[in-house]
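Per chain, numbering begins at 1; letters A, B, ... match sequence-line order.
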2 protein chains.
Amino acid sequence: MSTAIKAVQPAVPRFLAADEFSRECVEFFGETVQLFGFGPPSIGEIYGLLYASQEPLSFSDIFERLDISKGSASQGLNLLRSLGAVHTVAPVDANGRREYFSPELSLRKLLRGVLDERVSPLAGKSAGRLARLRELADWAGGRERKFRLSRVQQLETWRRRLKAVMPVLIALLGPKSKK
Amino acid sequence: MSTAIKAVQPAVPRFLAADEFSRECVEFFGETVQLFGFGPPSIGEIYGLLYASQEPLSFSDIFERLDISKGSASQGLNLLRSLGAVHTVAPVDANGRREYFSPELSLRKLLRGVLDERVSPLAGKSAGRLARLRELADWAGGRERKFRLSRVQQLETWRRRLKAVMPVLIALLGPKSKK
DNA sequence: CGAGAAGTTCAAGAACAAATGAACAAAATG
DNA sequence: CATTTTGTTCATTTGTTCTTGAACTTCTCG
């Protein structure tokens, strides 16, 4: 019994929400994710749906109300979980459903998740690259060598600055630390 | 007379650089752009090539040494220019070439460009969306209304924080203001 | 157990973004 | 000017990423 309601809007017939508020949240987060490129837009939509709901939602709530495939819902939820953007809560009414989902609401934690999963892995790689660049710079002679070393040094400075800024960013954005 | 030299490396036969240092810079910036999704990776490669060069390069230097089409080079350079990431310098030896290109080296300015061109336009749109969400929240009754208003308020808080952080970010990252 | 529902995985296809190349415009050259 | 060279535009091709759907595994409950 699919309780999905066809959206009347001519614009985006993609989302079949029960109400306008959810609909708008779904679109909002969907676009935001697309814009920042955190991952597939559908994960934004899933988060948006959860964000608009007072109670945790079940797996089937999600793929039915968003009118996406079970596959997308499953993958999306796993990704969101790995980013720490949604949590699973034990089924209250233990009705076949294995778990229910609710959104992480702390901006600090949301950022942390993205940073840890997405940018930190990069850190190691870029360190290696810089080391190699420095080597290569050293091989040249005279003026060219000097030039290259200065470039590499600048890259290292950039890198250092970016790294230093991360904690500050999180400190500024996170609420006074929740729990 | 294409002076491009086939890269010997088995891995990425895409870039035909004169030397390893340029090659590495091209890859480095190419990947960085891809990672952050500022635009097509080719703009990173162009920037990387310029970054590795002591002298400004001409249009044909660029598409020949990167072995990309003139079209890509043209579009990429325009995009980079609109972001303030490359500058054009008047031809020194006035030899047919209309202009030469050099990279912007100030991290502050590079960030500014991306922020102004990419995130600021978003700001207006998201403000509109939030206004609409607030409206929708208000329509509901009782408990649901309260819940929705709290959600909208949180979104507004997030937005305010993100906005406030931008200048700080730039201040922290930019060198003491160059020129 | 065993039947049915919940959830996962992955190959195939749809949707999207980027690069190409050829036709075109603008400058320089002579 | 006529010709060659430099650079731009844009329709088409190429390549990547997302979603789907169906087969599969896991869980629930009689």
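Residues passing the ring-ring contact (aromatic ring centres under 6.0 Å, His included) test with B:Phe101, sequence neighbours excluded: none. For B:Ser58, the side-chain contact (heavy atoms from CB on, under 4.5 Å) partners two or more places apart in sequence, or in a different chain, are B:Ser60, B:Asp61, B:Arg97, B:Tyr100. In this view, B:Phe36 and B:Phe38 satisfy the ring-ring contact (aromatic ring centres under 6.0 Å, His included) rule, not counting sequence neighbours. With sequence neighbours excluded, no residue forms a salt bridge (charged side-chain N to carboxylate O under 4.0 Å, His left out) with A:Arg151. Under the rule for a salt bridge (charged side-chain N to carboxylate O under 4.0 Å, His left out), the partners of A:Arg134 that lie at least two apart in sequence or sit in another chain are A:Glu156. Residues forming a side-chain hydrogen bond (donor to acceptor under 3.5 Å, both in side chains) with B:Glu144 (at least two apart in sequence, or on another chain): B:Arg148. Here A:Arg160 pairs with A:Thr157 under the side-chain contact (heavy atoms from CB on, under 4.5 Å) rule; sequence neighbours left out. Partners of A:Arg129 according to the side-chain contact (heavy atoms from CB on, under 4.5 Å) rule, which considers only residues two or more places apart in sequence or in another chain, are B:Glu24, B:Glu27, B:Phe28, B:Glu31.
At D:dC18, none of the side-chain N or O atoms of A:Ser42 fall inside 4.0 Å of OP1 or OP2 (strictly under the cut-off).
Within the structure, salt bridge (charged side-chain N to carboxylate O under 4.0 Å, His left out) pairs that include any residue of residues 78-92 of chain B comprise B:Arg81-B:Glu99 (at least two apart or interchain).
When atom types are taken as modelled, the side chain of A:Ser150 and the backbone of A:Phe147 share a donor-acceptor pair closer than 3.5 angstrom.
Atoms CD1 (A:Ile68) and P (D:dT20) sit 7 Å apart, rounded to a whole Å. Between A:Glu64 atom CD and C:dA5 atom C1' the separation is 12 Å, expressed in whole Å. A straight line from CD1 of A:Ile46 to P of D:dT19 spans 9 Å, rounded to a whole angstrom.
For A:Pro41, counting side-chain heavy atoms from C-beta on, the closest listed nucleotide (D:dC18, C:dA18, C:dT20) is D:dC18.
Helix-axis bend for the helix from C:dC1-D:dG30 to C:dG30-D:dC1: the local axis fitted to the five terminal pairs at one end deviates from that at the other end by 20°, rounded to 10°.
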Requested in this report: Encode nucleotides 6-11 of chain D as B, S and - characters from 5' to 3', where the letter depends on protein heavy atoms closer than 4.0 Å: B to the base, S only to sugar-phosphate, - to neither.
Outcome: BBBBB-
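Note: B:Trp158 and A:Phe29 have perpendicular aromatic rings, judged against thresholds of 30 and 60 degrees for the angle between ring planes.
Remark: nothing in residues 30-38 of chain A comes within less than 4.0 Å of DNA chain C through any heavy atom.
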